[in-house]
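This report concerns only the one structure given below.
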Protein chains: 2
Amino acid sequence: MAGARRPGAEISDLTAKRLSVYLRSLEDLQAAGVTTVSSQAMAEKFGLNSAQIRKDLACFGEFGVRGVGYVVADLKDQITRILGLTRDRKVIIVGAGNLGMALADYAGFNAGGFRIVALFDNDRGKVGGRSRGGVPVLDMEALPQIARREKAGIAVLAVPAAAAQKVLDLVSRAGIKAILNFAPAQLKARPGVTLKAVDLKIQLENLVFHLARAEEVHR
Amino acid sequence: MAGARRPGAEISDLTAKRLSVYLRSLEDLQAAGVTTVSSQAMAEKFGLNSAQIRKDLACFGEFGVRGVGYVVADLKDQITRILGLTRDRKVIIVGAGNLGMALADYAGFNAGGFRIVALFDNDRGKVGGRSRGGVPVLDMEALPQIARREKAGIAVLAVPAAAAQKVLDLVSRAGIKAILNFAPAQLKARPGVTLKAVDLKIQLENLVFHLARAEEVHR
DNA sequence: ATGTGTGAAGTGCTTCACAGCG
DNA sequence: CGCTGTGAAGCACTTCACACAT
């Protein structure tokens with residue numbers, strides 16, 4: 001019952017992503033006044049296998065009550081803790097173009113423990129301004145200093161592909177250890193730095209691939 | 001040597017995504033004047049295994065030249081064809097908020113065979129306007145008609161989570177078979193409809209998870 | 001009776017290693 | 001000789017199926 005993590009368990013990235021999904025669903029359930037939920041019920045909600053959900057949760061201890069299921073409030077707190085979401089995290093966005101500006105004001109981004117503290121750009125015309133939501137646009141040169149002073153833990157890259165690797169190196173040198181890249185480029189992060197990519201073009205191309213296959217079968 | 005697909009080969013989604021990555025890299029190589037490339041060289045570029053690249057490509061025929069590698073221009077054309085990127089695709093975006101507007105003007109989105117034809121919103125204050133790049137904002141009620149008339153094949157969902165499932169159903173009924181969802185919600189698509197999700201919050205939470213683990217090891 | 005936790009089986013993706021072609 | 005194409009081995013994730021707790 002102690003909050004300690006089971007020591008031997010190595011948690012896969014896929015499991016961690018599913019935990020986020022479970023967490024969101026538990027918040028919905030809690031808001032709806034549901035107090036306990038079975039792995040079965042959750043599985044149906046996501047189109048997953050119930051054993052997978054139990055395995056994911058069992059990595060961290062025995063949260064379930066046999067014969068009953070999981071207590072929604074408890075499980076929510078446990079997952080929040082496991083994912084490290086108890087503390088607020090400061091985020092900087094590099095690139096104050098269309099996408100960067102939109103992300104700075106995106107509601108889902110500026111909530112649930114995340115706070116966007118600044119945008120950075122090297123375009124002097126943009127520096128000094130603010131996003132509609134009020135996030136300030138600062139000079140790229142100030143990035144290392146501001147990142148350290150604000151203790152920003154996460155950087156979002158919304159810069160052109162050609163500049164992305166350089167910016168990644170810059171923010172890494174500034175001590176940032178977690179980076180979300182929106183630039184359509186394959187980047188290399190130094191060890192100890194977690195880099196995730198959201199490549200919109202690849203997503204679209206992948207959709208086209210499925211469309212093309214469907215059209216072919218249809219013929 | 002004929003362009004025909006090998007019949008038995010079932011292509012996995014992961015392979016298809018990597019093909020998009022290869023394609024992008026081949027475009028770079030071609031622009032740099034490189035005419036042939038080995039799987040080794042490409043593997044180093046992405047931090048992948050060379051056998052994987054060869055396997056991915058071998059699904060569709062024997063494109064390589066033994067002892068030499070792959071001819072960049074040929075391989076690029078083949079992958080373009082395999083991914084179904086020979087034809088232009090029309091895209092609609094539902095939700096003309098910050099994110100939808102930014103996506104409509106996003107350079108990487110409006111290029112390489114993709115064309116964003118319209119934004120849709122049910123907010124009368126937005127309808128009739130345009131994005132900065134000139135994409136018109138139309139009334140949601142006009143969606144089915146416009147989608148069919150324009151033969152839009154892809155829809156991007158940039159609406160609030162609470163509305164997402166309804167909008168997904170609406171665009172599905174309008175005949176759209178490929179959907180990219182940005183709303184933070186688990187949606188269910190009917191059979192025959194491909195649904196991909198870009199869940200920014202889950203990405204951020206995943207980064208925090210890695211940060212939290214790193215901090216723990218550090219202690 | 002009900003639903004968790006988990007070893008074992010199943011599935012699919014990745015990597016190895018080498019035959020074979022240019 | 002160099003590099004592709006590919007069967008076989010390795011590995012990771014998923015699903016099954018059931019003992020066991022309540």
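Chain letters run A, B, ... following the sequence lines, proteins first and then strands; every chain starts at 1. Keep in mind the model is a prediction, meaning the values are calculated, not measured.
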(request) May I have the distance from N49(A) (atom CG) to dG12(C) (atom C1'), rounded to whole angstrom? (result) 16 Å
(request) Looking at every strand, decide which applies to S50(A) at a 4.0 Å heavy-atom threshold: base, sugar-phosphate, or nothing. (result) nothing
(message) Rounded to whole Å, how long is the line connecting atom CG of L48(A) with atom C1' of dT14(D)?
(response) 10 Å
(message) Measure CD/Q40(A) against P/dT2(C) and give the value in whole Å, please.
(response) 12 Å
(request) Could you check which of dC16(D), dC13(C), dG5(D) has an atom nearest any side-chain atom of L14(B)? (result) dC13(C)
(request) Figure out the CG/P separation between D56(A) and dT4(C), and round it to whole Å. (result) 13 Å
(request) Could you work out which one of dC13(C), dT6(D), dC16(D) sits closest to the side chain of A51(B)? (result) dT6(D)
(request) Send over the distance from R54(B) CZ to dG2(D) P, rounded to a whole Å. (result) 15 Å
(request) Would you kindly give the CD-to-C1' distance between E62(A) and dA21(D), to the nearest whole Å? (result) 10 Å
(request) Choose from dT4(C), dG5(C), dT14(C) the nucleotide whose nearest atom is closest to any side-chain atom of Q52(B). (result) dT14(C)
(request) Using only side-chain N and O atoms of Y70(B), determine if any of them is under 4.0 Å from OP1 or OP2 of dG2(D). (result) no
(request) Report yes or no: is there a donor-acceptor pair, N or O only, under 3.5 Å between the side chain of K55(B) and the base of dT14(C)? (result) no
(request) Measure the distance from CZ on F46(B) to P on dT15(C) and round it to the nearest whole Å. (result) 14 Å
(request) Check whether the side chains of S39(B) and R54(B) place a donor and an acceptor atom closer than 3.5 Å, and report yes or no. (result) yes
(message) Once you apply a heavy-atom cut-off of 4.0 Å, does G67(B) come out as touching a base, just sugar-phosphate, or nothing?
(response) base
(request) With heavy atoms under 4.0 Å as the rule, sort T15(B) into base, sugar-phosphate or nothing. (result) nothing
(message) Both F63(A) and V68(B) contact DNA chain C. Taking the nearest nucleotide for each, which residue is further toward the 5' end?
(response) F63(A)
(message) Are more than 12 heavy atoms, taken from residues, nucleotides or ligands other than E150(B), located less than 6.0 Å from that residue's CD atom?
(response) yes
(request) For D105(B) and G133(B), indicate whether the former's side chain and the latter's backbone hold a donor-acceptor pair under 3.5 Å. (result) yes
(request) Nearest whole angstrom, please: distance from the C1' of dG2(D) to the CZ of R66(B). (result) 12 Å
(message) Can you tell me if S38(A) touches the phosphate of dG3(C), counting only side-chain N or O atoms and a distance under 4.0 Å to OP1 or OP2?
(response) no
(request) Return yes when atom CZ of R115(A) has more than 12 non-hydrogen atoms of other residues, nucleotides or ligands closer than 6.0 Å, and no otherwise. (result) no
(request) Apply the side-chain contact (heavy atoms from CB on, under 4.5 Å) test between I82(B) and each candidate in L19(B), T15(B), I11(B), D77(B); give the one that qualifies. (result) L19(B)
